[in-house]
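In this text the structure is predicted, and so the values were computed from the model without any measurement.
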Amino acid sequence: MAHRNKAGASKASRAKKTPKETPVVTGPNMDSLGFLAMDSNVPGLSQVILQKLNMKSYDDYRSAVEGRKLCTDFGIRSYFEMFQKMEDTFKFCVECKKLPESMPDPKSLRRCKRCQNVYYCGSECQRANWPTHKKVCKKLKLVALDRLVEWLVFTGDIPFPTSPWTKRTLEVRGWEDYFSMQDSLEEKLSNIMTGRYMNILWANAGKPKPEEAELLESVKRVMTDFVSRPATIGLGLCLFHLDPYAKPITVHVVGASHVETLNARVTDYDELSRMFPKHQGIEVVMVGVDVVDGPIMRPPLVAFGPRERVYLSSYKGLYHDFWESQVETQQAARPDIVVGFHPGFHACHDLMESWLPTLLLLRDYEIPSLFTVYSEQEMKNSLKILMELETQITGCGANPFASLKPEQAYSNPNKPPVYCNSHYMMFRGLSAPPDELDIGGLDGGEEERD
């Protein structure tokens, strides 16, 4: 049992380290891997994106993502220019992969009129690509719309003020149930639809404003994308029988990146207070090498915070370093549950090697853990890895709080869109040998759901 022995040695070495050691942030940067990987599908696309954003290198891109440089530092002076440059980064022929600069006439690139998302260098490429594109054209229309509406998250229009949940978490079967619990839903949605920033958006987007019903559905999809993460944490608390009414709860979000922390506000996970009104206090700590500096970059709690409040903080570094420097020295509370949103360790060897110390730590210390993935296939691939590590799988399945906002592969837009937090898997401690477990027979976690 090589992994078991390796884990035991790792655990022993963690205990011997002194508190004064400074964590070293190493390992592959998943954002950079994904950014540069675009060139494998569309050669030169990463450089076009940098050029359109007036950036010289990936370091400039990271500086913007992390908030260390403003849009104005890269020559973006107006809303119209911002939306135009964003759209320019999607301009390449989806069939032959040519970029505008490689065409005799760069202006010959034309957008699909149906989805307003993908581009073609001419009618020949469009006809050749149609058998593939027609399978996803309708979904990609939603992607293009939601990509614009998502800007309202950054302006603060989304999420709208939400109401306390009137059903137990496990009784909420999905987003239809969620929206039915919202007081004055029509008024809240109307405020967004008629708001200042919605008007600014469509005055500068360079696209026709969609019908009101279509736009309203987009707002709701983006809303589910925002609420999906705290709702998934709440689901994990219930499935692991962790009671926020009985005692304060500490949640560690491992592998956090700019996706969870860019422009994050200290109130972003307050939905947990709507799920569990009058709880004893919930702390959520974002931990990851790609955590972005901002309001939530503050120390974790040593003592529990006020009741009925969610305290959000973050730590820039690898999780096993955070454990050694903060948890073992009692500068941070031991977690009741660890959550990972799309860890991606199934994707490549380098990422798996980076995740291995964290996965073994979670297993050795028997910490209840819930990870999400983009699809059922990703879930199955990730479960196989966890089984090879002799981890006890306690549940897996489709997430009732999966985002409804479709996500497209940037450099391969005709690939079927995926959805954030589509599926989840739960694990805790050591397991029986892998051949005694049946992935297909696991569903619903430690508490059975109808």
Side-chain angles (χ1 to χ4, degrees), residues 49 52-55 61 64-65 67 69-91 109-119 137-162 175 179 182 184-229 258-260 262-265 267-268 292 294 403-408 410 413 417 419-420:
I49 292 173
K52 293 298 181 181
L53 298 178
N54 297 327
M55 298 175 181
Y61 176 82
V65 166
K69 289 188 176 182
L70 303 176
C71 290
T72 52
D73 294 332
F74 299 104
I76 298 175
R77 307 297 179 187
S78 67
Y79 289 121
F80 178 80
E81 187 176 4
M82 177 185 70
F83 287 118
Q84 186 60 53
K85 286 184 176 293
M86 183 174 75
E87 184 64 25
D88 285 347
T89 64
F90 290 88
K91 290 183 177 179
L109 205 60
R110 292 290 181 266
R111 189 165 55 199
C112 172
K113 292 181 179 179
R114 295 178 180 87
C115 69
Q116 297 282 304
N117 194 325
V118 302
Y119 287 81
C137 188
K138 288 183 179 180
K139 283 285 180 68
L140 291 181
K141 181 179 181 180
L142 303 183
V143 172
L145 175 55
D146 294 354
R147 189 162 60 226
L148 292 170
V149 172
E150 192 174 21
W151 180 61
L152 299 179
V153 174
F154 294 93
T155 65
D157 291 44
I158 299 175
F160 56 68
T162 57
W175 294 112
F179 284 116
Q182 301 303 315
S184 307
L185 177 61
E186 290 186 6
E187 180 182 347
K188 292 172 180 177
L189 291 172
S190 176
N191 289 339
I192 297 173
M193 296 285 287
T194 60
R196 172 175 177 259
Y197 286 109
M198 183 67 87
N199 291 327
I200 289 175
L201 168 59
W202 294 108
N204 294 276
K207 293 182 178 181
K209 184 177 180 179
E211 297 292 331
E212 184 172 347
E214 193 177 354
L215 188 54
L216 188 63
E217 288 304 308
S218 177
V219 169
K220 293 172 74 173
R221 287 194 299 272
V222 174
M223 181 74 184
T224 68
D225 191 66
F226 186 92
V227 177
S228 176
R229 290 184 178 87
H258 75 275
V259 175
E260 293 85 13
L262 178 63
N263 290 328
R265 294 158 288 212
T267 57
D268 277 0
V292 176
S403 169
L404 297 181
K405 182 171 77 71
E407 307 281 348
Q408 78 180 74
Y410 205 120
Y419 298 86
C420 290

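What you find for Ala205 and Leu148 is that their closest heavy atoms are CB-CD1, 4.1 Å. The minimum heavy-atom distance linking Cys115 with Ala144 is given by the pair O-CB, 3.8 Å. Of all non-hydrogen atoms in Arg111 and Gly206, the two that sit nearest each other are NH2-O, 4.1 Å.
The aromatic rings of Phe179 and Phe160 are tilted relative to each other, their planes meeting at an angle between 30° and 60°.
A side-chain donor from one of Glu87 and Tyr119 sits under 3.5 Å from a side-chain acceptor of the other. If you check the side chains of Glu187 and Asn191, you find no donor sitting under 3.5 Å from an acceptor.
Atom CD of Glu407 is separated from atom SG of Cys420 by 4.5 Å, given to the nearest 0.5 angstrom. The line from CE of Met223 to NZ of Lys188 is 8.0 Å long, rounded to the nearest 0.5 Å. Atoms NZ and CG, from Lys209 and Asn199 in turn, are 6.0 Å apart once rounded to the nearest 0.5 Å. Between the OH atom of Tyr79 and the CD1 atom of Ile200 there is a distance of 4.5 Å, given to the nearest 0.5 Å. Note that OG of Ser78 and CG of Asn204 are 7.0 Å apart. Values are rounded to the nearest 0.5 Å. In this structure, CG in Leu404 is found 8.0 Å from OH in Tyr419, a value given to the nearest 0.5 Å.
At least one side-chain heavy atom of Asp225 sits less than 4.5 Å from a side-chain heavy atom of Glu150. Taking the side chain as every heavy atom from C-beta outward, Leu215 and Met198 approach each other to under 4.5 Å. Put simply, the side chain of Gln182 reaches to within 4.5 Å of the side chain of Thr162, judged on heavy atoms. Looking only at side-chain heavy atoms (C-beta outward), Pro210 and Trp202 come within less than 4.5 Å of each other. A heavy-atom distance below 4.5 Å is found between the side chains of Met82 and Trp151. Taking the side chain as every heavy atom from C-beta outward, Val149 and Arg221 never approach each other to under 4.5 Å. Side-chain contact between Trp175 and Val227: present, with at least one pair of heavy atoms (C-beta onward) separated by less than 4.5 Å. Counting heavy atoms from C-beta on, the side chains of Arg147 and Asn117 come closer than 4.5 Å.
Tyr197 pairs with exactly one of Ile192, Leu152, Ile158 by the side-chain contact (heavy atoms from CB on, under 4.5 Å) rule, that one being Leu152. With Lys405 as reference, Asp146 is the one residue of Val143, Leu142, Asp146 to meet the side-chain contact (heavy atoms from CB on, under 4.5 Å) rule.
A donor-acceptor pair under 3.5 Å is formed between the side chain of Asp268 and the backbone N or O of Arg265. The main-chain N or O of Gln116 is found under 3.5 Å from a side-chain atom of Lys207 such that the two form a donor-acceptor pair. Using a distance-only test at 3.5 Å, with no hydrogens or angles considered, no donor-acceptor pair links the side chain of Ser190 to the main chain of Glu186.
Between Lys91 and Asp88 a salt bridge is recorded (basic side-chain N to carboxylate O distance below 4.0 Å).
Within 6.0 Å of the NZ atom in Lys141, the count of heavy atoms belonging to other residues, nucleotides or ligands does not exceed 12.
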